[in-house]
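Read the numbers this way: they start at 1 and go in the same order the structure lists the ligands and their atoms. Worth knowing before you read on, the calculation uses all heavy atoms, side chains too, and leaves out hydrogens, waters and symmetry mates. Predicted, not measured: the structure shown is a model, and the values here were computed from it.
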Amino acid sequence: MKLQQLTKSIFFVLFSLLLINCANEEKTVPTASATNDKVESKVNEILAKMTLEEKIGQTNLRGTSSRVKGQLPEELKTAVRNGEIGAFLNVMNLEYVEELQRIAVEESPNGIPLIFARDVIHGFKTIFPIPLGLAASFDAETAKKSSEIAAYESSSAGIRWTFAPMLDIARDSRWGRIAESPGEDPYLASILGKAYVEGFQGNDLSNPTSIAACAKHFIGYGAAIGGRDYNTVNMSEPLLRNIYLPPFQAAVNAGAATVMTSFNEVNGIPVTGNEFLLKDVLRGELGFNGFVVSDWDSTIEMTAHGFARDEKHAAELSATAGLDMEMTSKSYENNLKDLIAEGKVSEAQLDDFVRNILRIKLQLNLFENPYIPKDHTGNLYAEAHLAEAKKAAIKSTVLLKNKNVLPLTNTTKVAVIGPLANKPHEQLGTWSFDGEREHTVTPIDAFKKANINYQFVEGLTHSRDKTTKGFSKAISTAKNSDVILFFGGEEAILSGEAHSRSNIDLPGAQIQLLKQLAKTGKPIVLVIMAGRPITITNIIDDVDAVVMAWHPGTMGGEAIHEIIYGISQPEGRLPVSWPKNAGQLPYFYNHKNTGRPAIPDEYVHMDSIAIGAWQSSLGNDSHYLDIGYTPHFPFGYGLSYTDFKYDNITISKETINFNEELTITASVTNTGKKDGKELVQLYVQDLVGSITRPIRELKGFEHVSLKSGETKEVSFKISSEDLKFVNSKMINAAEEGKFNVWIGPNAASGLQSSFYLKK
Ligand code: BGC
């Protein structure tokens with residue numbers, strides 16, 4: 001405890017020094033504009049009229065089940081009338097929304113409006129690809145559009161607050177929630193985080209079609225040991241700051257109205273009761289000035305963690321840590337009054353919580369405009385929304401292998417096989433409560449519409465189906481076709497919250513069926529729909545092409561049809577390293593070198609070790625004896641229907657000082673016969689640091705369209721700003737020395753150059 005306090009104080013001194021040093025640094029510091037002043041005085045005016053009970057009421061986010069039918073419970077109406085509830089989640093009945101809001105505004109003591117919240121994660125009715133899929137687009141515009149449409153549609157149901165974006169860096173594909181994440185890279189996640197917030201919140205939160213964003217889960221949730229959900233998180237502070245914090249900083253800078261604490265502990269202290277993380281880091285350092293909400297019951301779960309003795313203690317710890325609002329559990333409601341009377345929590349602290357909440361309610365203009373505008377229909381499933389969802393699904397699709405089989409032509413006779421070719425619900429993925437299967441276009445729907453020459457036999461009824469009774473029909477259909485199109489992967493329920501897997505192979509009898517189909521000698525295209533990378537080393541040699549479609553959402557079928565038939569080009573790139581097997585996890589490209597760096601593909605395989613061999617470490621460094629250390633496909637990887645060649649990397653200066661920048665350029669040529677789009681990526685390695693540095697870090701990327709035969713020069717600028725990192729003394733600064741730099745198609749290749757940063 002003492003050590004932590006000491007670290008805290010050291011951090012504060014250093015951080016203050018840093019702030020002085022970096023006075024001209026780009027960081028959003030809340031400015032006291034005239035509007036802000038008006039909001040603040042209104043906040044204080046309301047606060048002055050509130051009783052203690054009403055203040056506590058504002059911190060209460062009450063959950064209801066969206067499936068509840070029938071009468072609005074009397075007890076809820078009374079609670080709202082008494083000012084005991086500040087916000088609701090999952091009220092999905094429009095009449096209830098209107099009625100509860102009416103009671104709050106007209107009958108509660110100070111007429112404070114409610115906020116209605118929902119997990120609108122990758123679409124409301126029009127479902128976009130899962131966030132991990134959207135991340136594969138490497139495209140801020142796509143992310144922004146998806147959240148803009150989600151906001152527009154969901155606000156028509158009274159929702160003015162979503163629990164998104166999820167910005168947990170995920171380095172372990174076993175973790176079910178990797179599906180909701182922006183992937184493993186902090187640079188990409190930061191770009192996406194900003195875009196999502198801008199899309200949800202629009203230019204002005206007061207617009208009735210804008211909804212408040214919630215950057216979640218703060219923090220470190222993706223580092224759960226073993227990829228097992230909710231599991232313990234242990235990490236050094238520099239790791240936390242360099243890898244896990246940047247997307248939250250980006251979301252805060254973009255104006256995220258709220259932040260959600262994560263379920264996990266970090267280094268022994270659950271985040272919901274972690275004063276250092278919530279007050280010092282989130283508010284002090286990141287400059288967050290919205291309100292912080294717990295995750296579902298994460299306050300009272302601190303008892304199970306072994307951090308709080310009981311509910312009352314949990315409330316005390318959360319309040320002291322600076323948690324403004326509690327989701328579903330009632331530790332504040334039941335205990336804050338007593339805790340204040342006992343002097344364990346100050347009323348001033350509670351006042352701060354209420355101020356933070358009221359400020360967002362005012363920014364949402366709920367006092368002036370508490371109801372859904374009559375003419376706001378949300379244009380659910382509008383043509384334009386569907387078109388964007390389709391575009392996003394196309395941009396998210398990653399081509400992993402193609403042995404001259406794709407794209408297919410319209411004359412190809414296709415055997416469509418597999419459990420996910422016609423499963424509208426499954427292709428929507430996790431967190432898609434409101435997307436309806438009737439509106440979902442499956443690959444089969446799209447093939448029918450396009451008059452494709454196909455025959456469809458599932459072979460397996462669902463992704464976990466272990467029976468082989470459908471095999472023979474599938475095989476005979478395959479024999480009568482030119483190509484097998486196999487739609488495999490995981491159902492939606494196999495990823496997402498509390499759905500981690502220890503083995504991430506294709507489940508059920510999919511491998512068995514694919515092996516049998518391979519015996520027909522027909523080319524096989526494996527289309528994977530899944531919430532995570534699926535390990536396919538056991539099948540890759542049996543198939544001719546692999547297309548990763550993630551859970552592609554409402555328009556997934558049309559997107560896949562366009563990719564398979566070459567109407568659209570595959571453009572997606574992997575936002576996570578694709579492992580060879582789950583034993584390799586966690587895996588991430590931006591790892592450290594170790595003292596015995598692994599050399600790709602140079603290791604002694606266990607089958608080459610003599611029987612009875614003497615113990616020796618010779619010939620092996622940081623490898624596994626059975627699979628080496630490289631992933632199956634690296635971060636940033638993805639093929640196209642054409643080929644690209646990188647040439648002539650040049651660097652404008654070999655040495656820069658801390659105020660200079662240099663330009664790195666390479667030429668990229670489309671050497672294939674088709675036009676295409678390449679994602680040109682920039683990576684940097686800081687060779688020596690006061691703490692060891694990753695072997696590569698993504699620092700830039702650009703989508704480049706190239707006609708067949710065309711060459712373009714692609715340039716990136718680098719300055720000391722891009723080279724900063726937080727060291728063991730918690731100083732965020734670039735350090736002098738040599739840097740390697742690559743321009744290339746993924747994290748494992750590219751043209752290399754180097755430069756020096758000197759004073
Ligand atoms: C999840 C959150 C979600 C919340 C409300 C929790 O179980 O961890 O991500 O926003 O439920 O549904």
Lys/Arg N to Asp/Glu carboxylate O, [X] vs [Y], below 4.0 Å:
X: R241; Y: E285; value: yes
X: R102; Y: E99; value: yes
X: D185; Y: R171; value: no

Please list, in number order, the atoms of ligand 1 under 4.0 Å from a heavy atom of [X].
X: K216; value: 2 (C), 3 (C), 9 (O), 10 (O)
X: H217; value: 2 (C), 8 (O), 9 (O)
X: R177; value: 1 (C), 2 (C), 8 (O), 9 (O)

Requested in this report: Run down the list D297, D295, D229 and name the one with the heavy atom closest to atom 8 (O) of ligand 1.
Outcome: D295
Query raised in the report: Between the candidates D168, T162, D119, which shows the shortest non-hydrogen contact distance to atom 12 (O) of ligand 1?
Result: D119
Query raised in the report: Any heavy atom of M260 sitting closer than 4.0 Å to ligand 1?
Result: yes
Query - Region of M327 engaging ligand 1 - heavy atom pairs below 4.0 Å - result: side chain
Query raised in the report: What protein heavy atom is closest to atom 7 (O) of ligand 1, reported as residue, atom name and distance in Å?
Result: E497 OE1, 2.7 Å
Query raised in the report: Do the ring centers of F353 and F291 come within less than 6.0 Å of each other?
Result: no
Report task. Answer whether the closest heavy-atom distance between the side chains of F88 and V80 falls below 4.5 Å. Result -> yes
**Report entry** Any R177 side-chain heavy atom under 4.5 Å of Y221 side chain
**Finding:** yes
